[in-house]
Amino acid sequence: MLDDFLIRAALAGLGVALCAAPLGCFVVWRRMAYFGEATAHASILGVALALSLSLPILPAVLVAALIMAMTVSILTGRGYAMDTVLGVMAHTALAAGLVAVALLSDIRLDLMGFLFGDILAVSRSDLAVIWGGAAVVLGLTWWRWSALLTATLNPDLARASGIDPRREELGLTVALAIVVAVAIKVVGVLLIAALLVIPAAAARPLTRTPEAMAIWAGVLGGLSALGGLWAAFWLDAPTGPSIVCTAALLFILTTLGGALRRN
Amino acid sequence: MSAPLISVRDLTLKMNGRVVLEHVTTDIAPDEIVTIVGPNGSGKSTFLRALIGAVPPASGHIERAKGLRIGYVPQKLAIDASLPLTVERFLGLPKRITTRKAADALEKAGVPDLHDRQMSALSGGQFQRVLLARALLENPQLLLLDEATQGLDQPGAAAFYQQIEEVRSDMGCAVVMVSHDLHVVMAASDRVLCMNGHICCAGTPEIVASAPEYRALFGSGTKGTFALYRHQHSHDHEHDHTHEHSH
């Protein structure tokens, strides 16, 4: 029953879920859920610009996401609270991206595909990009794990141990931009942040150490991708949203389980 | 006298463009316990953060001895509830350590048997001691404590300082601490720096306690912790002003 495109879709979903998991943990620990959102929304602007200038889409998305992340970092702490800056930037980027796409009327653009993903249309080269990106992100996270975790706990504590917290944050930002860029095809820009946050949040009640949480987030993210794909196939529902709904279901289950165990 | 661990020369520090501390010159010698006292906003914590390199000098120099090992206990450490963390894992950040080593450090800090607990499940006193244990892991030559007894009651704070004394005599490290618990702390220190935007006065606890600048800040009673003090200390960099603090 597993046709070729379904296998490709499953592999794409797994790849994104695996690399989103450890980053999602940092997003949750550092309370930057909307940071992921803003980065993701900026990527639609990147898509529009790439198409209008006939540039390859992936690097354009990466650059747009990075510029957004840097801008947010710079603006924060200059008179506006983080959530205000993100609220302005995320929605501006999305709106400007949509306007830009509409103005490029000569280009046939499947907007829905970018907003909600089109995992069933993943090609072999898409798969290579996704797994390549995932490998880079996982490698980066593995390499910087302890330093990043220390900087997340407390920047001064990190400094006293000879770690530059700003450098670690920059690494995290770059990794986030890569995840956003490779995840567009799978869940689309509107739901990327969900794939970062929900599996990590669902893993929290199951775990006692940061490492266990990252691994469980990967497991639950992978289950969400496969379960969502399966549900979408049988219910004839859109895949991206089905994946996110499955993740949400797992979140509800683990949270209830955690609450029951405490009582 | 042996070479200082850190020498600070004419240091001025700014936060958000505002001068919080200026013209500080001092040396931290090996083995000594230095206490920094001063009202809120007097630049004490910023000074400590400058010592670890978290705040760059606006002018002046901070020179650290080569390869100086610093153990730092921050003022506050808010661990987000979403971050699961056992005590042992916390001690192993950023460098993984063996269970044996973690147990040793916890023992030294006076809280054995905590290694398997969640950080979020610790009491205030236990939490501060775990922070101390982590600072001790690197076998520091210099221990920096930023109001480490915040949130502890009087007996808790006194016990904590006793622990610091033991650690110092045990490991032979220098200690620089910022504190509000004046009478407890000053008794235990070799040298006191009284700060209020600059160093108002410095010296042995007896000298500082009798200095007019110190009395202007904290009153002449020994129970400075509870005194409602009125600060009418004039500065050369600011107009005269009055602060009222209650503790």
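Bear in mind the structure is a predicted one, so any value in this text is a computation, not a measurement. In what follows, chains carry the letters A, B, and so on, assigned in the order in which the sequence lines appear, proteins first and then strands, with residues in each chain numbered from 1.
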> Quick one: which of Ser161(A), Pro165(A), Pro210(A) has the most heavy-atom pairs under 4.5 Å with chain B, could you say?
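Option with the greatest count: Pro210(A).
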> Could you walk me through whether Asp80(B) and Arg204(A) pass the salt bridge (Lys or Arg N to Asp or Glu O under 4.0 Å) test, one step at a time?
CA-CA 12 Å; Asp80(B) 199 280; Arg204(A) 174 63 184 97; over 6 Å; no
> Between chain B and each of Val28(A), Leu157(A), Asp164(A), count heavy-atom pairs under 4.5 Å; write down the option with the most.
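Top count of heavy-atom pairs under 4.5 Å with chain B: Leu157(A).
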> Quick check on Ala78(B) against chain A: is it the side chain, the backbone, both or neither that has a heavy atom closer than 4.5 Å?
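Backbone only.
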> Quick one: are Tyr72(B) and Leu145(B) in side-chain contact, heavy atoms under 4.5 Å?
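Not touching, per the 4.5 Å side-chain cut-off.
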> Can you confirm whether Lys108(B) sits close enough to Asp170(B) that some side-chain heavy atom of one is under 4.5 Å from a side-chain heavy atom of the other?
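Contact flag for Lys108(B)/Asp170(B) side chains = yes.
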> Taking side chain as C-beta onward, heavy atoms only, is Arg208(A) less than 4.5 Å from Asp116(B)?
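Heavy-atom side-chain distance check passes, below 4.5 Å.
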> Could you tell me which portion of Asp146(B) (side chain, backbone, both or neither) has an atom closer than 4.5 angstrom to a non-hydrogen atom of chain A?
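The answer is neither part of Asp146(B).
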> Heavy-atom pairs under 4.5 Å with chain A are the metric here; pick the option from Pro140(B), Ala135(B), Ala81(B), Gly92(B) that has the most.
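Answer, by heavy-atom pair count under 4.5 Å with chain A: Ala81(B).
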> Using heavy-atom distances under 4.5 Å, tell me whether Arg31(A) contacts chain B through its side chain, its backbone, both, or neither.
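For Arg31(A), the contact with chain B is made by the side chain alone.
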> Using non-hydrogen atoms only, which part of Ile163(A) is less than 4.5 Å away from chain B: side chain, backbone, both, or neither?
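Only the side chain of Ile163(A) comes within 4.5 Å of chain B.
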> Measure Arg96(B) against the heavy atoms of chain A and call it side chain, backbone, both or neither at under 4.5 Å.
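The answer is the side chain of Arg96(B).
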> Under 4.5 Å between any side-chain heavy atoms of Arg191(B) and Glu32(B), yes or no?
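They are in contact (side-chain heavy atoms under 4.5 Å apart), so the answer is yes.
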> Hey, is Glu168(A) close enough to Arg144(A) for a salt bridge, meaning N to O under 4.0 Å?
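Between Arg144(A) and Glu168(A) there is a salt bridge, with a charged N closer than 4.0 Å to a carboxylate O.
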